[in-house]
Amino acid sequence: MSKVTGPLEVIDFCSNPKCEAEILLGQRVVNHGKDQYCGIDCLFEGLGAVVIKADDNLERGDASIETKNDQTG
């Protein structure tokens with residue numbers, strides 16, 4: 001366990017506009033291009049990624065039109 005020997009220095013802020021948490025010197029971050037995110041969840045949210053369950057439900061739009069109209073399978 002590390003001991004903090006001095007004041008925590010804020011060097012940046014999370015690039016996710018919904019978070020914008022302080023990023024401290026020595027903190028582990030996720031880089032994407034020139035942006036820094038405080039964690040992987042903020043990176044995904046900042047990029048607009050969503051987590052879904054992969055299934056065959058075509059009505060939700062999870063499959064492409066070509067698959068929906070494909071008569072081979």
Side-chain angles (χ1 to χ4, degrees):
M1 188 169 179
S2 65
K3 295 180 181 179
V4 177
T5 58
L8 298 176
E9 182 181 352
V10 177
I11 59 168
D12 204 353
F13 294 90
C14 180
S15 294
N16 179 351
K18 293 182 180 178
C19 176
E20 296 181 341
E22 295 177 342
I23 294 178
L24 306 174
L25 182 64
Q27 178 180 341
R28 294 180 68 139
V29 297
V30 179
N31 285 330
H32 181 263
K34 63 179 181 172
D35 296 327
Q36 288 189 333
Y37 296 86
C38 64
I40 196 76
D41 291 336
C42 276
L43 168 66
F44 290 156
E45 186 176 322
L47 294 175
V50 293
V51 177
I52 61 169
K53 178 183 173 189
D55 60 13
D56 293 329
N57 187 352
L58 300 176
E59 298 304 315
R60 286 191 4 223
D62 294 343
S64 66
I65 292 296
E66 292 93 28
T67 304
K68 190 173 182 178
N69 293 331
D70 186 10
Q71 300 298 320
T72 61

Nearest heavy atoms of E22 and Q27, plus distance in Å: O-OE1, 3.6 Å

Linking I/L/V/M/F/W/Y whenever any side-chain heavy atoms sit under 4.5 Å apart, do Y37 and L24 land together? no

Side-chain heavy-atom pair I23, V10 within 4.5 angstrom cut-off: no

Of V30, N16, D12, the one forming a side-chain contact (heavy atoms from CB on, under 4.5 Å) with Q36 is D12

Gap between atom CG of L43 and atom SG of C19 - 0.5 Å precision: 12.0 Å

Cluster question for you: counting only ILVMFWY and a side-chain heavy-atom cut-off of under 4.5 Å, with indirect links fine, are I40 and V29 together? no

Supply the atom-to-atom distance S15 OG to E20 CD, rounded to the nearest 0.5 angstrom. 9.0 Å

